[in-house]
Amino acid sequence: MVFQFFWRRMALKQISSNKCFGGLQKVFEHDSVELKCKMKFAIYLPPKAETGKCPALYWLSGLTCTEQNFISKSGYHQAASEHGLVVIAPDTSPRGCNIKGEDETWDFGTGAGFYVDATEDPWKTNYRMYSYVTEELPQLINTNFPVDPQKMSIFGHSMGGHGALICALKNPGKYKSVSAFAPICNPVLCPWGKKAFSGYLGTDQSKWEAYDATHLVKACPGTQLDILIDQGKDDQFLSDGQLLPDNFIAACTEKKIPVVFRLQEGYDHSYYFIATFITNHIRHHAKYLNA
């Protein structure tokens, strides 16, 4: 009860509010306990939220993104409005922590939290995106908005697709469904993952596996999760060996975990690709969240 009371006192500062498909697209700022900095998140409240509690669907964005990319480029609002889903999109990393080196490259540090809890200096104090996304943010949302805490799902893109998959696999029963666009499926074997994990988690590669969807599936006793993945066939990062979906599919097949993997002809890694199939993903989640 003390924990709940503490959360009720957490101040939320509204940054913006825009009416969209009968609902409201809002952005808030708050002081994060996990990340020890100010954080922004976007939240869409569908018309249904005016009269009762709605399911919560969390979106995790990719490298270099903020809370803005998804809400301005994906075109998800109409489907979320129709299915009565509250959609939450956090930022991708802590901001303004003044850590040496956090702004030197685009794929590590600012905008590149990789949804892990860092264990290495100087990152371990602030770079705790895994705990932020799975614990602090949902608690904040559940306390301050009309959501049903028993009905939660998660999806994302690229680095955020990786984040969505690991959050769902590491927390059986927490999420009703999971989906991803072009996720980084096997980060311990790709350049992005090796760079991020060695920086945040150290050189012991066995510790990396706790944040790798392919390894989590291999260690999985079995899951009821219905996984949906869309991947553009003309995605440059697919051909560059950054995403490695085949490894994940093989692991799921071996463990008899249901996964629908769709290779979409002619599509790349961009938000044009996401916008094309976003309604399909919202529908996928609504099937479980509104059951």
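Since the structure is predicted, the reported quantities are computational estimates derived from the model, not experimental observations. Position 1 is the first residue of the sequence; numbering continues from there.
- D148 is linked by a side chain to side chain donor-acceptor pair (under 3.5 Å) to nothing, counting only residues two or more places apart in sequence or in another chain.
- One hydrophobic cluster, built from ILVMFWY side chains closer than 4.5 Å, cannot hold both L24 and L12; they sit in different ones.
- For the salt bridge (Lys or Arg N to Asp or Glu O under 4.0 Å) condition, the pairs that include at least one residue of residues 255-265, sequence neighbours left out, are D230-R262, K233-E265.
- Here the OG1-CZ distance, from T279 to R283, works out to 6.5 Å after rounding to the nearest 0.5 Å.
- Scanning for side-chain contact (heavy atoms from CB on, under 4.5 Å) contacts around A49 gives L45, P46, C54, P146, with sequence neighbours left out.
- Put simply, the side chain of T92 gets close to the backbone of C65: a donor and an acceptor are under 3.5 Å apart.
- For Y44 and F21, the ring centers sit 6.0 Å or farther from each other.
- Between P138 and T134, the shortest heavy-atom distance links the atoms CG-O, 3.5 Å.
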Problem - S131 vs E136, side chain to side chain donor-acceptor pair (under 3.5 Å): CA-CA, chis, key distance, verdict - result: CA-CA 7 Å; S131 288; E136 181 177 1; over 6 Å; no

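- Donor-acceptor pairing under 3.5 Å is recorded for the side chains of S61 and W59.
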Practice task
Start with the C-alpha gap between F28 and I15, add the side-chain angles, then the distance that decides, and say whether side chain to side chain contact (heavy atoms under 4.5 Å, CB included) holds.
Solution key: CA-CA 5 Å; F28 288 91; I15 303 296; 5.7 Å; no

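- For residues 77-94, the salt bridge (Lys or Arg N to Asp or Glu O under 4.0 Å) pairs, not counting sequence neighbours, are D91-R95.
- In terms of heavy-atom proximity, H83 sits nearest to A286 at ND1-CB, 3.5 Å.
- Proximity of L165 to H162: side-chain heavy atoms (C-beta onward) are nowhere separated by under 4.5 Å.
- Residues in residues 11-27 take part in these side chain to side chain donor-acceptor pair (under 3.5 Å) pairs, two or more places apart or across chains: Q14-K26, S17-K26, Q25-Y76, Q25-H77.
- Rounding to the nearest 0.5 Å gives a distance of 5.0 Å between CG of L35 and CE of M39.
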Problem - Residue pair E135, K174: steps toward the salt bridge (charged side-chain N to carboxylate O under 4.0 Å, His left out) verdict - result: CA-CA 11 Å; E135 298 297 335; K174 190 180 186 89; 3.5 Å; yes

Give the table of side-chain donor-acceptor pairs shorter than 3.5 Å for residues 151-159, with sequence neighbours excluded, one pair per line with atom names and distance.
unit_1 : atom_1 : unit_2 : atom_2 : d
K151   : NZ     : L289   : O      : 3.4
S153   : OG     : S177   : N      : 3.1
S153   : OG     : S177   : OG     : 2.7
H157   : NE2    : H269   : O      : 2.9
S158   : OG     : H269   : NE2    : 2.9

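- Rounding to the nearest 0.5 Å places CD of Q236 at 6.0 Å from CG of D240.
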Output a table of donor-acceptor pairs, distance under 3.5 Å, between side-chain atoms of residues 202-210 and any protein atom two or more places apart or on a different chain; print 'none' if there are none.
unit_1 : atom_1 : unit_2 : atom_2 : d
D204   : OD1    : S206   : N      : 3.1
D204   : OD1    : S206   : OG     : 2.6
D204   : OD2    : S206   : OG     : 3.3
W208   : NE1    : G202   : O      : 2.9

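- Taking the six-membered ring for Trp and the full ring otherwise, the centers of Y211 and F114 sit at least 6.0 Å from each other.
- The structure places CZ of F277 at 14.0 Å from OG of S74, a figure rounded to the nearest 0.5 Å.
- A continuous path of ILVMFWY side-chain contacts below 4.5 Å connects F108 to F237, so both sit in one hydrophobic cluster.
- Residue pairs satisfying the salt bridge (Lys or Arg N to Asp or Glu O under 4.0 Å) criterion with at least one member in residues 36-64, sequence neighbours excluded, are listed as follows: D31-K38.
- Hydrophobic clustering of Ile, Leu, Val, Met, Phe, Trp and Tyr side chains at less than 4.5 Å, counting indirect connections, unites L85 with F181.
- Within the 4.5 Å cutoff, the side chain of V116 has no heavy atoms near those of the M129 side chain.
- Scanning for side chain to side chain donor-acceptor pair (under 3.5 Å) contacts around T119 gives an empty result, with sequence neighbours left out.
- Residues D117 and L201 approach most closely at O-CD2, 3.6 Å, considering heavy atoms.
- I278 is listed as a side-chain neighbour of F70, based on a closest heavy-atom distance under 4.5 Å.
- The closest side-chain heavy-atom distance from S179 to I227 is not below 4.5 Å.
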Exercise for the section: List the steps, then state whether side chain to side chain contact (heavy atoms under 4.5 Å, CB included) holds for L228 with H281. Expected result: CA-CA 8 Å; L228 169 64; H281 282 244; 3.9 Å; yes

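- Between atom NZ of residue K287 and atom NZ of residue K176 there is a gap of 14.5 Å, rounded to the nearest 0.5 Å.
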Exercise for the section: Determine, stepwise, if the pair E120 / Y200 fulfils side chain to side chain contact (heavy atoms under 4.5 Å, CB included). Expected result: CA-CA 6 Å; E120 299 299 297; Y200 296 135; over 6 Å; no

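- Partners of I141 under the side-chain contact (heavy atoms from CB on, under 4.5 Å) rule, at least two apart in sequence or in another chain, are F41, I43, Y58, I88, L137, F145, V147.
- Side chains of P47 and S81 form a contact here, defined as non-hydrogen atoms less than 4.5 Å apart.
- Screening residues 185-198 for side chain to side chain donor-acceptor pair (under 3.5 Å), with sequence neighbours left out, gives T105-K195, D107-K195, N186-D212, N186-N247.
- The NZ atom of K218 lies 12.0 Å from the CD1 atom of I257; values are rounded to the nearest 0.5 Å.
- Note on F273 and I184: separate hydrophobic clusters, where clusters join Ile, Leu, Val, Met, Phe, Trp and Tyr whose side-chain heavy atoms are under 4.5 Å apart, directly or indirectly.
- For Q231 and D235, the side-chain atoms include at least one donor-acceptor pair closer than 3.5 Å.
- Between Y115 and Y130, the distance separating the two ring centers is not shorter than 6.0 angstrom.
- Using a 4.5 Å cut-off on side-chain heavy atoms (C-beta onward), S93 and Y132 make no contact.
- At a threshold of 4.5 Å between non-hydrogen side-chain atoms, the residues L263 and L238 count as touching.
- For C190 against G241, the heavy-atom pair with the smallest separation is CB-O, 3.4 Å.
- I249 and L244 fall within the same hydrophobic cluster, where Ile, Leu, Val, Met, Phe, Trp and Tyr residues are linked whenever their side-chain heavy atoms come under 4.5 Å apart, directly or through other members.
- Side-chain contact of T110 with D103: a donor-acceptor pair under 3.5 Å is present, judged by distance alone.
- The nearest pair of heavy atoms linking C167 to L60 is SG-CD1, 4.5 Å.
- A donor-acceptor pair is defined here as one N or O able to donate and one able to accept, closer than 3.5 Å; no such pair exists between the side chain of Y288 and the backbone of D226.
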Practice task
For V260 and I229, run side chain to side chain contact (heavy atoms under 4.5 Å, CB included): C-alpha distance rounded to whole Å, both residues' side-chain angles, the deciding distance at 0.1 Å, then the answer.
Solution key: CA-CA 6 Å; V260 174; I229 295 174; over 6 Å; no

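- Contact of the N126 side chain with the I99 side chain is registered, since non-hydrogen atoms from C-beta on lie closer than 4.5 Å.
- The hydrophobic cluster analysis finds Y272 isolated: no Ile, Leu, Val, Met, Phe, Trp or Tyr side chain comes under 4.5 Å of it, directly or through other members.
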